[in-house]
Engineer: 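One structure follows; several queries about it will come next.
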2 protein chains.
Amino acid sequence: MISNDQRDIDHRIIRSVYETFMPINDELHELIVSKTTYVEIAKGQEFIQQGGPNDQLGLLVDGLMRSVEIIDGDDHTMIFFDAPCFVTEYVGFLRREPSRHSIIALEDCRLYVWSYDDLQKMYSLSKESERVGRLIAECVIADVVNDVRSFRFDTATERYEKLTATFPKLVQRVPQYMIASYLGVTPESLSRIRAKLIKE
Amino acid sequence: MISNDQRDIDHRIIRSVYETFMPINDELHELIVSKTTYVEIAKGQEFIQQGGPNDQLGLLVDGLMRSVEIIDGDDHTMIFFDAPCFVTEYVGFLRREPSRHSIIALEDCRLYVWSYDDLQKMYSLSKESERVGRLIAECVIADVVNDVRSFRFDTATERYEKLTATFPKLVQRVPQYMIASYLGVTPESLSRIRAKLIKE
DNA sequence: AGATATCATTGACCTAAATCAATAATCATC
DNA sequence: GATGATTATTGATTTAGGTCAATGATATCT
């Protein structure tokens, strides 16, 4: 993990990601940038380690990551993060608990990072930042609710089809067993699902 | 649905629920109360209707409700709401879309209600309210993530055991087929799960 | 109390996906 | 390009839960 100084920070990317949630005025933008650190994570390296400290919110600007939870020795892919997006293990981060997942770079990654403490300072200093924090949390809710619905109502085949529809390049970029794990099925099952879909 | 005026509002209950998220000062408390409406919903009646307008956030202070989504004619219980708690179909509410669920009283219910517009006004008027909104959203994330984990990792039997452990009275208060539906299994399966657990 | 819904249980059978095991295909490295 | 490791496929078998159908048990209502 390589950290650099302020000169490496691309203000426009940061602003444009935050602007997907609400208009960001110059004052808030300066506040955000002033707390930003730049980090590079090489392919295969961890950004966050399962069971370790969980005090960083990342904004992935380049690359691909996955969060993984190891339970009883098997590896479960919980989320893929495809730039540009925020990267964190949200629940542990908010509760100040050790991370439940590792977050690992599947390709060389570049991130901007804010510490938990700096984030709280931003919230205290600026009403606008409080709002953007709320809007981001609300979007996370929508994503997670989507996940519940998918596990509740969809078959593995349907989940696979939806994933390839919304994220077609993923299948090229990561090994199939990680996709299987993300879908909640075994690699053998995913292989059969794919065989069946091809036959049709 | 019966709406009454300000005199029916129990300030202490409202404050105590908000205080589970953060300390509420008098100014914010007054703001919240000034926008509050009181509503009673009789057993069997709807608070929110699937496909209908979704512009109310409820605080259930008495009673039990469930949110139900009808898909292809079958009825899926998405959540049980046991007072005191907030009641809404969050995603549609936030996105200003029709409600995905109905929310129905399983017992006679009493709620305090805020309209979407009043909530936005509160957010604009007060930094503190923005923060409490964020903190509530963050708690919702934790709940929903829990749901995903349960559907992903737990068997139906485990989900049933967890539900009865965390909410033992529920089984007395609602028909079993609703519990089955909440757990994501058929009534027949839940009946067998219970039979097996009793035998052990 | 008797009649009628509604709800819960039980049985027989079916299906999606898991498990275990063996190959086959890829990929990385010397 | 050969060698060993990782990843993907295919087959045989098992299991959790679904589906369909019948029977019991509870409520509710006149």
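Residue numbers start from 1 in every chain, and the chains themselves are labelled A, B, ... in the order their sequence lines are given, proteins ahead of strands.
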Engineer: Judged by each residue's nearest nucleotide on DNA chain C, which is more toward the 5′ side, Ser189(B) or Thr157(A)?
Structural biologist: Ser189(B)
Engineer: Write down the distance between CG (Leu190(A)) and C1' (dT10(D)), rounded to a whole number of angstrom.
Structural biologist: 14 Å
Engineer: How many whole angstroms separate atom CE of Met178(B) from atom C1' of dA8(C)?
Structural biologist: 14 Å
Engineer: Looking at Thr186(A), does any N or O in its side chain come under 4.0 Å of the phosphate oxygens OP1/OP2 on dA17(C)?
Structural biologist: no
Engineer: On DNA chain D, compare the nucleotides closest to Ile193(B) and Arg194(A); which residue's is nearer the 5' end?
Structural biologist: Arg194(A)
Engineer: Can you tell me if Gln176(A) touches the phosphate of dT9(D), counting only side-chain N or O atoms and a distance under 4.0 Å to OP1 or OP2?
Structural biologist: yes
Engineer: Rounded off to whole Å, could you give me the CD-to-C1' distance for the Glu188(B) and dT23(D) pair?
Structural biologist: 13 Å
Engineer: What integer distance in Å separates Phe151(B):CZ from dA17(C):C1'?
Structural biologist: 17 Å
Engineer: So for atom CZ, which belongs to Arg96(A), do other residues, nucleotides or ligands contribute more than 12 heavy atoms lying within a distance under 6.0 Å?
Structural biologist: yes
Engineer: When the aromatic ring centroids of His76(B) and Tyr182(B) are compared, is their separation below 6.0 Å?
Structural biologist: no
Engineer: Could you state the CZ-P distance from Arg192(A) to dC20(C), rounded to the nearest angstrom?
Structural biologist: 14 Å
Engineer: Of the listed nucleotides (dT10(D), dG17(D), dT10(C)), which one gets closest to any side-chain atom of Ser191(B)?
Structural biologist: dT10(C)
Engineer: Checking Ser99(B) side chain against His101(B) main chain: does a donor-acceptor pair fall under 3.5 Å?
Structural biologist: yes
Engineer: Looking at Trp114(B) versus Tyr18(B), is the centre-to-centre ring distance below 6.0 Å?
Structural biologist: yes
Engineer: Please report, rounded to the nearest Å, how far the P atom of dG18(D) is from the CG atom of Asp154(A).
Structural biologist: 15 Å
Engineer: What integer distance in Å separates Leu183(A):CG from dA18(C):C1'?
Structural biologist: 15 Å
Engineer: Whole angstroms only, please: what is the CG-C1' distance between Asp72(B) and dT19(D)?
Structural biologist: 16 Å
